[in-house]
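Read the numbers this way: they start at 1 and go in the same order the structure lists the ligands and their atoms.
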Amino acid sequence: MNQSDLQFDKEHIWHPYTSLIEPLPCYPVVSAQGVRLTLSDGKQLIDGMSSWWSTIHGYNNQRLNQAAKDQIDKMSHVMFGGITHPSAVALCRQLVDMTAQPLDRVFLADSGSVAVEVAIKMALQYWVAKGQKQKCRLLTVEHGYHGDTFAAMSVCDPVNGMHELFNNVLTKQLFAPAPQSRYDGEWDNNDLIELTALFEEHHHQVAAMIIEPIVQGAGGMRIYHPRYLTAVRQLCDKYDVLLICDEIATGFGRTGKLFGYQHANIVPDILCLGKAITGGYMTLAATITSQAIGEEICRTKAGVFMHGPTFMANPLACAVATESLKIIGENNWQQQVSAIESQLKRQLTPCLELPQVHDVRVLGAIGVVELKEAVDMAAIQQHFVELGVWIRPFGKLIYLMPPYIISSEDLSQLTAAIFSVISNKSE
Ligand SMILES: *Cc1c(COP(=O)(O)O)cnc(C)c1O
């Protein structure tokens, strides 16, 4: 890419959460292989982000490439209304096998946010079918992130959730304080006081509780105690509220378990999956519920679930996802993620000695360094690129979620870059 391409990009193309008036620099990536991104000047960067949780098997993966090529020669797309195809069936078979009983009714959506919209609509339609349409509010916790569409925005953190701007049009939902008990710390029963009070007071109006199991991602990279999730399940049962687990970030091994809900041995009523599902090749997501809930949803006057995207179950995406889940099924991820976890603990913990650092937390293939002050994004990004790594902080958070296939040497380069960038900040 030449200067004129970059200038065109700057003037005409929106990037995620960016200004058209004062755009921050964008780095031109022309190819990628394994854990490395190649910039147009030939420089290589080790990717610490897995392109936002998704590229778990690495870039340009031979098996995923082959799956895409095989499928593209048969059929790239066909509508899903009144038609089915082998890649959708193969993928959904695997999803049903991998997830807990009784989750076995799969809705394939085209992005994570849409999977969350679908989960919320399922919950609302379920209560309409039950003759309880007053149960139409959602309960969630602060510091959550569930996507950028309207229903999803309504359950993102009301302050940090990046959507304050839209507060006057967003549905007012119920927010409990985020759990304070850390995953690796003591359990504190006080975490349940306000949550329990919200259930007691509002359960007649609440359709579902939605939560990211164990790790809250983009809303703060917080890692909380499994007992909280166990209690959430119990409260949902006691008060007749559906439980939606949003595993779009945590699913497929990222936290050290195949799914985050397994840390607490619970099963949600509705499960959202996305991001890593295709190994980061293309957009696809899934919302899975049980036969009982699925059938109840269809007992409204309409007789059907009221959702159906144009690109539902896109065969190319399904074929790649099927291969990606096959790789997961071979179970190397467990060893890879636990090795990443030990190394992150070993190499990020020393950051605690730096005066700029407030906290360090690690779970599975997720490592977070929380600073006391927000970072200067453009400066820190440039510094990381100079050090040969791709790490994209937000606010006070510098974090890693590398591809599972990363080598120990490459991971060391990522953690060393973080230490170096933070210590240089004081100069
Ligand atoms: C990324 C994310 C979403 C939204 O997914 P998109 O594919 O960006 O629409 C929803 N929930 C969680 C937990 C996420 O991490």
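- In terms of protein heavy-atom proximity, atom 1 (C) of ligand 1 is closest to Lys275 NZ, 1.5 Å.
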Next item on the list: Test ring-ring contact (aromatic ring centres under 6.0 Å, His included) on Phe80 and His85 and set out the steps.
Entry: CA-CA 8 Å; Phe80 211 49; His85 55 79; 5.6 Å; yes
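- Ring orientation note: the planes of Phe107 and Phe305 are nearly perpendicular, at an angle over 60° on the 30°/60° scale.
- Within the listing of ligand 1, atoms 4 (C), 10 (C) sit less than 4.0 angstrom from a heavy atom of Gly147.
- Below 30°, between 30° and 60°, or above 60°: for Tyr183 and His263 the angle between ring planes is above 60°, a perpendicular geometry.
- What sits closest to atom 11 (N) of ligand 1 on the protein, heavy atoms only, is Asp246 OD2, 2.7 Å.
- Among protein heavy atoms, the minimum distance from atom 8 (O) of ligand 1 is reached at Ser113 OG, 4.4 Å.
- Protein heavy atom closest to atom 7 (O) of ligand 1, with residue, atom name and distance, is Gly112 N, 2.9 Å.
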Where do Arg233 and Tyr261 land on the side-chain contact (heavy atoms from CB on, under 4.5 Å) test, with the steps shown first? CA-CA 10 Å; Arg233 178 70 270 181; Tyr261 63 74; over 6 Å; no
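- Cys351 places none of its side-chain heavy atoms less than 4.5 Å from the side chain of Thr415.
- Of all the heavy atoms of Trp52, none lies under 4.0 Å from any atom of ligand 1, so neither backbone nor side chain is involved.
- Using a 4.0 Å cut-off to heavy atoms of His146, the atoms of ligand 1 that qualify are 10 (C), 11 (N).
- Donor-acceptor pairing under 3.5 Å is lacking for the side chains of Tyr126 and Asp269.
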